[in-house]
**Student:** 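Have a look at the structure that comes next, please.
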2 protein chains.
Amino acid sequence: MKKYVYFFGEGQVEGSGEMRNLLGGKGANLAEMLSIGLPVPAGFTLTTEVCNEFYANDRRYPEGLVAQVEAALAGVEKLMGKKFGDPEQPLLVSVRSGARASMPGMMEVLNLGLNDQTVQGIIAQSGDPRFAYDSYRRFIQMYANVVLDMNGDILENILENMKQQRGVALDTELNAADLKELVTLFKVKVQEELGQTFPEDPEEQLWGAIGAVFGSWMNPRAITYRKLNHIPAEWGTAVSVQTMVFGNMGDDCGATGVAFTRDPSTGENYFYGEYLVNAQGEDVVAGIRTPQPINKISQEDQTLPSLEEVMPECYAQLVKIRETLEQHYRDMQDIEFTIEKGKLYMLQTRTGKRTAHSAIRIAVEMVKEGLISDKEAILRVAPDQLEQLLHPSLDPKAAKEVIAKGLPASPGAASGKVVFCADEAEEANRLKQKVILVRVETSPEDIHGMNAAQGILTARGGMTSHAAVVARGMGKCCVAGCGELKIDYEKQQMTTKSGVVVKRGDLITLDGSAGQVILGDVPKVQPEVCGDFAELMGWVDKIRRLRVRTNADTPYDSKVARGFGAEGIGLCRTEHMFFEGNRIQAVREMILADDLQGRIKALDKIMPMQKSDFIGIFREMRGLPVTIRLLDPPLHEFLPQNDDDVSALAAVAGIRFSEVKEHVEALHEFNPMLGHRGCRLGITYPEVYDMQVRAIMEAACELVKNEGFEIVPEIMIPLVSHVNELKILRANAVKVAEEVCQRYAVKVDYLIGTMIELPRAALMADKVAQQADFFSFGTNDLTQTTYGLSRDDAGHFLPDYIERGVFVRDPFVYLDQAGVGQLVRMGTEKGRQTRPNLKVGICGEHGGEPTSVIFCDRLGLDYVSCSPYRVPIARLAAAHAVLLKD
Amino acid sequence: MKKYVYFFGEGQVEGSGEMRNLLGGKGANLAEMLSIGLPVPAGFTLTTEVCNEFYANDRRYPEGLVAQVEAALAGVEKLMGKKFGDPEQPLLVSVRSGARASMPGMMEVLNLGLNDQTVQGIIAQSGDPRFAYDSYRRFIQMYANVVLDMNGDILENILENMKQQRGVALDTELNAADLKELVTLFKVKVQEELGQTFPEDPEEQLWGAIGAVFGSWMNPRAITYRKLNHIPAEWGTAVSVQTMVFGNMGDDCGATGVAFTRDPSTGENYFYGEYLVNAQGEDVVAGIRTPQPINKISQEDQTLPSLEEVMPECYAQLVKIRETLEQHYRDMQDIEFTIEKGKLYMLQTRTGKRTAHSAIRIAVEMVKEGLISDKEAILRVAPDQLEQLLHPSLDPKAAKEVIAKGLPASPGAASGKVVFCADEAEEANRLKQKVILVRVETSPEDIHGMNAAQGILTARGGMTSHAAVVARGMGKCCVAGCGELKIDYEKQQMTTKSGVVVKRGDLITLDGSAGQVILGDVPKVQPEVCGDFAELMGWVDKIRRLRVRTNADTPYDSKVARGFGAEGIGLCRTEHMFFEGNRIQAVREMILADDLQGRIKALDKIMPMQKSDFIGIFREMRGLPVTIRLLDPPLHEFLPQNDDDVSALAAVAGIRFSEVKEHVEALHEFNPMLGHRGCRLGITYPEVYDMQVRAIMEAACELVKNEGFEIVPEIMIPLVSHVNELKILRANAVKVAEEVCQRYAVKVDYLIGTMIELPRAALMADKVAQQADFFSFGTNDLTQTTYGLSRDDAGHFLPDYIERGVFVRDPFVYLDQAGVGQLVRMGTEKGRQTRPNLKVGICGEHGGEPTSVIFCDRLGLDYVSCSPYRVPIARLAAAHAVLLKD
């Protein structure tokens with residue numbers, strides 16, 4: 001006869017952890033715990049084959065099943081010293097479903113075996129009639145709902161009525177008599193609703209529950225879920241029946257608790273946990289009683305006795321179990337246990353959740369303890385988690401008054417006085433005052449203020465709005481798109497939805513990781529890159545294939561990024577340099593000039609400044625590659641927009657207001673994102689790119705000549721849609737570069753490549769590659785154009801789209817592998833068809849997002865480039881990419 | 001010995017028209033004319049093999065060539081009764097290159113054989129020393145430049161000096177003595193520059209010219225051209241040497257002329273042409289003397305005698321030739337002839353250029369005459385040409401003062417008084433006044449004004465700007481992007497570059513086909529769809545596979561389009577309906593409403609109006625499919641933008657100014673093209689699409705129920721980027737549609753499909769097709785996003801891009817087959833993978849552009865949809881697509 005039922009109990013386990021397919025996840029886990037010698041309450045599992053035969057035979061059980069269940073139940077009774085349905089020593093059991101894969105809505109019924117007789121046994125054993133009747137009424141509710149398929153609200157309403165009659169608010173305020181009455185009322189109601197008596201016979205209860213589990217496998221919800229997740233119906237579900245144990249069966253020899261094999265917040269290697277004497281698991285969760293520490297080392301409040309002191313034997317047994325678990329699972333475990341009448345039972349063990357800090361410490365220490373390999377250690381740390389370590393954060397213990405919520409646009413925390421204007425932020429910075437810059441939205445004109453501020457708060461814009469992107473690039477905390485704030489520049493104040501008015505100069509704190517705006521100054525915890533972290537990253541760097549560069553526009557950024565392990569610059573945006581100090585003045589002169597000569601005159605002023613930037617950056621990045629993107633944004637971004645600023649500019653430039661205004665209007669664009677920018681500017685005004693190439697090459701030549709550098713600048717042309725654009729601009733750049741090299745009489749190699757940030761460039765990559773030494777996917781713009789979705793405007797609906805699951809994930813955060821990813825793949829493959837050694841990277845925001853980094857590794861890209869603060873994340877993700885491929 | 005030289009002359013022709021590869025284009029054509037018996041001046045052709053052997057043998061001619069040339073030359077002399085180098089009866093010849101394919105910069109030297117002796121013979125024969133020396137000095141200039149490779153400016157300067165000395169402006173003002181002196185000066189200069197005497201020996205002249213032609217085959221310019229056009233060097237060039245004949249050799253028996261075998265402007269089947277007595281071909285071109293008609297039927301000025309009268313024999317010969325040519329070439333020919341001493345020579349025949357009108361008439365009549373098949377007739381008419389027939393145009397004979405030039409944005413011509421505001425245009429329309437609406441740019445708020453005006457003139461925006469697209473849709477003439485105009489709304493005037501001031505109320509005329517702005521009212525020619533046109537289109541419709549629908553938003557448009565042969569509506573934009581009359585008020589109420597209830601209240605007002613639109617359109621399109629696109633533009637397009645208009649709206653709506661202003665600001669978008677529009681609105685405000693679907697379905701149900709219509713409305717969801725969007729909106733639409741059908745108790749089938757106008761939709765078309773009954777490629781937006789190029793802003797640089805060849809063609813006019821075309825192909829193929837019977841069309845502007853239509857046919861699309869006035873063009877192009885495939 002086929003074996004349909006697998007027994008498990010101390011010293012007697014028929015299944016094993018590997019038998020997931022047959023025993024389901026739950027059954028296999030129980031078997032595994034027992035097989036390593038843990039004391040688990042006895043029970044048995046009906047296999048998934050039963051389920052399949054059940055459906056194959058028109059919902060009839062296979063022959064012999066009943067006998068096998070009876071035999072297993074007898075074994076449980078024997079081992080546990082209790083009897084199913086016995087009024088004195090009643091055995092209560094749970095019934096749970098368990099498929100091969102974890103599925104939502106799996107079924108569970110507890111306390112099977114209770115009836116008017118057996119409840120007396122529970123009272124006798126626990127000495128607690130309230131507990132007994134509470135268990136009984138819960139059992140009826142659960143059974144009626146799950147097994148008898150009765151609407152749960154019906155019995156819940158009776159409970160609510162009772163509470164109203166008694167004038168109490170909580171279930172716990174009902175006494176034993178109340179609960180006993182409820183049991184009666186429930187049974188009457190069941191009879192009334194279903195026309196059948198609530199089953200008193202434990203056997204009937206048991207088979208009812210088993211049948212309900214198998215029946216649930218084919219309900220519409222389960223069928224839909226399986227379809228969506230490609231789970232074949234043939235997998236079937238198993239059913240596990242297990243003895244209930246209670247931590248409150250007698251006052252001083254019962255307890256229940258949870259513990260971690262190591263400290264989950266620090267990772268320190270000691271046994272950490274809490275328990276309650278004479279309690280059930282749900283009491284711990286409910287938080288009504290204060291739990292006690294399991295040992296002295298976990299003890300914060302010295303007045304509470306630890307389990308180590310109260311039940312030293314059980315504790316000693318737990319310590320041994322802890323060791324067994326770590327040896328077996330080779331990871332920190334989160335366990336639940338119950339002590340019934342002085343006997344320890346393990347209810348559950350699973351991998352414990354932990355902070356980034358503790359994840360790293362545990363991983364590194366386990367390698368040293370010989371428990372895991374360095375590769376395993378790398379996989380134990382989720383790249384995303386590192387974010388926590390790379391920014392200051394709010395002290396979790398501090399009190400805080402959250403007054404508004406926005407998008408967590410750039411992580412970290414910062415406090416300062418509110419200012420509403422970039423210039424004021426800069427001024428405050430000079431006076432060493434800390435400020436938070438608050439704007440409806442930011443533009444490139446606010447960059448100096450953003451740079452000067454501790455953090456940025458905006459009312460508009462999404463996760464990839466200007467404020468968000470620039471702040472992340474700066475490693476500055478930012479809460480963006482806080483639409484509920486009303487910002488009044490005139491009154492210099494902002495008002496929250498609840499009416500709190502924050503004036504200029506008031507102190508606030510931003511939590512950029514949580515998107516919170518908090519009143520006053522909240523204490524912070526500074527980031528700490530501890531030794532374990534550095535050690536782990538060393539292993540990471542040995543394993544990964546993909547290079548990690550950084551997006552950096554200044555020598556300072558470059559330095560920070562290098563500190564985080566960046567292996568070069570993948571994107572140096574030259575336009576940010578245009579805003580610094582007095583440069584913007586020269587830039588505006590250039591734009592306002594009526595002719596080529598005027599433009600060249602203004603560009604001549606900018607050239608030395610750009611050159612000195614490049615020298616600074618090249619020095620910081622000595623020995624590493626640096627990719628510099630030529631001017632990208634439309635010219636109007638550099639001009640003032642409101643009349644006051646136009647007036648001011650007219651005065652400084654010495655031309656009429658109306659003339660400046662005309663210029664501003666002539667440059668106006670309906671869709672600047674799709675306008676006269678990028679290489680289109682380079683074609684229209686070749687003198688601008690010429691100046692930039694000259695600055696780059698002079699900087700390189702001087703360093704090579706005077707300081708003996710080796711350097712190969714990578715000049716990157718943005719927004720190419722047609723190879724002809726690149727052909728023209730490449731020829732121009734080569735001409736300037738050669739002229740500079742000749743003038744300095746040194747030979748400096750350089751590469752000329754392009755951003756692939758428009759769908760057409762990817763589609764035509766074979767042609768574009770004819771003129772490019774390298775490709776860098778600008779996935780921000782590529783995502784915008786592929787979706788036809790402006791990141792600056794997405795705030796109007798994208799949060800709603802994500803919440804409703806229209807888009808599964810924000811495509812500006814996670815590279816859309818299915819759609820945009822096709823273009824990245826196509827661009828890479830076609831580009832390398834033409835030029836097999838084409839260097840290919842990605843420099844959009846996605847370059848620092850782990851799943852996107854793994855995707856880039858799969859496509860065979862050479863590098864990713866991301867903001868300095870995400871470099872370690874990208875490095876770790878790149879290592880994961882290699883390890884997950886094996 | 002190999003035959004290197006092919007003789008041709010009356011009655012003796014060695015080559016034929018099929019020998020292009022050996023004789024080159026020129027040589028083959030001459031042989032062909034002779035082979036059908038035309039009197040062509042004798043000559044001979046050196047084959048392309050000579051060229052190849054020349055290069056294979058280190059630039060030496062093959063053996064025997066000289067003898068073959070001499071023999072051929074002797075034959076020419078005999079046939080023409082002249083002798084090369086003879087001082088009395090000098091034979092003059094031309095030398096021309098001729099490759100297999102037509103190539104630019106092919107070489108030509110005329111009047112070879114002239115020297116100080118032979119020029120006397122020419123004087124004697126013509127009695128015109130001025131002509132003789134003019135020919136001589138031209139020969140020297142041409143030979144020095146082409147054969148001796150001397151910079152052409154050098155001799156040209158001597159000519160200019162002479163003119164200055166003589167105080168004359170034109171070459172023709174120099175007399176015989178002057179020209180004789182020039183000959184001397186030229187020769188001296190040649191000696192000075194090249195250190196060699198100008199060759200006097202006709203043999204030397206001939207071989208020099210032949211050598212120059214062969215030598216030119218390997219000059220850098222020719223090599224580059226061949227490379228770019230994939231022409232192999234092995235094709236080589238041939239050289240044709242031909243007798244020069246002159247129409248001025250004796251006063252009354254010489255003439256030269258051009259003629260068409262049918263009237264090129266009307267297509268009428270009569271012999272049409274002009275000639276000059278005692279003249280050379282260049283005199284006809286120079287336009288100094290008034291040419292005379294060749295026959296009475298061509299005679300406009302009765303005072304000028306016709307060739308028919310003056311030289312009846314030659315004319316009779318020409319009439320016979322005309323018949324021969326039409327029988328042979330089976331098309332209308334454009335011929336050049338010369339009569340030397342009473343003997344007629346044919347110099348050239350080629351297919352004649354013609355107007356659209358005449359192209360159609362000729363094609364149809366030739367079918368009836370049995371000359372060509374109906375398929376050939378279809379291919380004889382270029383689809384683009386039809387444009388001329390479908391709009392009124394300026395009388396070509398009328399005088400006109402062009403004051404500015406812009407883009408030819410929408411064809412046709414119109415005159416009217418200038419107004420600068422849409423409301424005023426509407427008011428004028430009510431008063432039956434014709435106006436031209438002049439705006440810096442137009443927006444949807446101007447639509448009522450555009451509709452009321454005769455034509456539209458804008459200073460900004462490209463070929464696909466709002467003004468251009470809407471005007472084309474309306475079939476109204478439009479000149480757009482006329483950047484040289486300064487429009488001053490305040491002063492109500494515009495100023496041209498040259499300073500012409502046009503005030504409100506002044507009369508102007510627009511030529512939308514030429515992009516011209518003209519002062520005053522210019523007479524116009526009305527379009528006429530004559531019987532031949534209808535007949536041709538009948539043949540077209542029998543041949544084409546691709547269906548042609550129209551883009552139409554109103555019953556009127558629908559009617560016009562149906563008149564032009566539209567087979568349904570491919571795109572009915574519902575938003576244009578939102579602007580009509582008082583509707584905009586309700587639309588604004590909807591937008592300003594704070595909650596769902598407010599929106600629904602406003603939508604309830606709009607619903608009956610939309611429904612009546614749909615009823616009107618369905619009626620016009622009875623029996624044909626109608627695709628209706630749900631609301632597409634962002635909501636802010638419906639709100640006023642300047643403060644005055646905001647005030648007005650606040651007053652009407654009865655809410656505070658600041659509140660309206662806040663709404664306007666909240667809806668502001670940086671890149672509206674990529675913003676909260678299309679299906680994104682449908683997801684955020686499902687009530688809007690619900691209202692539209694209800695209006696569509698109620699309209700359909702009423703017609704089905706009350707008028708016995710058969711109708712299957714096609715509901716189209718715009719701007720889908722993810723299948724989930726379509727899934728949600730499809731479910732909503734189905735729910736509303738079913739509810740309506742149930743309410744009316746009729747069964748109306750309907751389709752729900754989507755625009756494919758974002759790259760992602762094309763990339764993910766297999767998924768999108770799961771929820772779509774049809775696809776319609778919105779290639780306007782698809783081009784914008786694929787290129788990252790806003791059509792509204794492209795005016796800043798796109799014209800320059802096209803002029804410089806950065807983009808070969810405007811991708812908004814011609815579908816970019818290489819790039820955007822990949823997405824159309826991918827979208828179609830992937831869509832049909834999922835749903836093999838998926839109906840696929842295109843509804844962008846490209847749907848009416850012939851090369852794009854042919855591309856759509858190749859991809860297997862089901863239909864194209866275009867503006868009503870382009871429907872015949874698309875139909876013809878679709879027929880071409882089929883015929884060109886064979």
**Student:** Begin with the C-alpha distance, continue with both residues' side-chain angles, and end with the deciding distance and a verdict on side chain to side chain contact (heavy atoms under 4.5 Å, CB included) for A/I683 and B/Y801.
**Tutor:** CA-CA 9 Å; A/I683 300 262; B/Y801 257 48; 3.6 Å; yes
**Student:** Calculate, to the nearest 0.5 Å, the distance between atoms CZ and CG belonging to B/R677 and A/L789 respectively.
**Tutor:** 11.5 Å
**Student:** Just so I know, are the side chains of B/E662 and A/K486 near enough to count as touching, which here means a heavy-atom distance under 4.5 Å?
**Tutor:** yes
**Student:** What is the minimum heavy-atom distance between B/R460 and A/E665, and which atoms define it?
**Tutor:** NH2-O, 3.5 Å
**Student:** Restricting to non-hydrogen atoms, name the atom on B/T786 and the atom on A/L758 that form the minimum distance, rounded to 0.1 Å.
**Tutor:** O-CB, 3.9 Å
**Student:** Between B/D800, B/V720, B/T785, who has the most heavy-atom pairs with chain A when the cutoff is under 4.5 Å?
**Tutor:** B/T785
**Student:** Please classify the contact of B/A818 with chain A as side chain, backbone, both or neither, using a heavy-atom distance under 4.5 Å.
**Tutor:** both
**Student:** For B/K767, look at atom NZ and say whether over 12 heavy atoms of other residues, nucleotides or ligands are found less than 6.0 Å away.
**Tutor:** no
**Student:** Below 4.5 Å, heavy-atom pairs only: which of A/E441, A/H676, A/M826, A/H668 has the largest tally toward chain B?
**Tutor:** A/H676
**Student:** Does any backbone or side-chain atom of B/A666 lie under 4.5 Å from a heavy atom of chain A? Answer side chain, backbone, both or neither.
**Tutor:** backbone
**Student:** Are B/E669 and A/D792 side-chain neighbours, meaning at least one heavy-atom pair lies under 4.5 Å?
**Tutor:** no
**Student:** Could you walk me through whether B/V806 and A/N724 pass the side chain to side chain contact (heavy atoms under 4.5 Å, CB included) check?
**Tutor:** CA-CA 5 Å; B/V806 183; A/N724 284 354; 4.2 Å; yes
**Student:** Is A/I728 close to chain B through its backbone or its side chain, or both, or neither, when contacts mean heavy atoms under 4.5 Å?
**Tutor:** side chain
**Student:** List the steps and the verdict of side chain to side chain contact (heavy atoms under 4.5 Å, CB included) for B/L823 and A/L763.
**Tutor:** CA-CA 9 Å; B/L823 291 174; A/L763 291 164; 3.7 Å; yes
**Student:** Identify whether the distance between the nearest side-chain nitrogen and carboxylate oxygen of A/R804 and B/E725 falls below 4.0 Å.
**Tutor:** no
**Student:** Is A/Q822 close to chain B through its backbone or its side chain, or both, or neither, when contacts mean heavy atoms under 4.5 Å?
**Tutor:** side chain
**Student:** Would the number of heavy atoms belonging to other residues, nucleotides or ligands and lying under 6.0 Å from NZ of A/K727 be above 12?
**Tutor:** no
**Student:** Using side-chain heavy atoms (C-beta onward) and a distance below 4.5 Å, is B/P672 in contact with A/N671?
**Tutor:** yes
**Student:** Sort B/E757 into side chain, backbone, both or neither according to what part of it lies under 4.5 angstrom from a heavy atom of chain A.
**Tutor:** neither
**Student:** Mind checking the NE2-CG spacing from B/H796 to A/L635? Nearest 0.5 Å is all I need.
**Tutor:** 10.0 Å
**Student:** How long is the straight-line distance from CZ of B/R680 back to CZ of A/F797, given to the nearest 0.5 Å?
**Tutor:** 4.0 Å
**Student:** Carefully, step by step, assess A/R791 and B/L674 under the rule side chain to side chain contact (heavy atoms under 4.5 Å, CB included).
**Tutor:** CA-CA 9 Å; A/R791 62 187 189 190; B/L674 309 175; over 6 Å; no
**Student:** Tell me which of these, A/A459, A/G788, A/A761, has more heavy-atom pairs under 4.5 Å with chain B than the rest.
**Tutor:** A/G788
**Student:** Determine the minimum heavy-atom distance between B/F670 and A/D793, stating which atoms define it.
**Tutor:** N-OD1, 2.8 Å
**Student:** Mind telling me whether B/F807 and A/H722 have parallel, tilted or perpendicular rings, with 30° and 60° as the class edges?
**Tutor:** tilted
**Student:** What part of B/D816 gets closer than 4.5 Å to chain A, counting heavy atoms only: side chain, backbone, both or neither?
**Tutor:** side chain
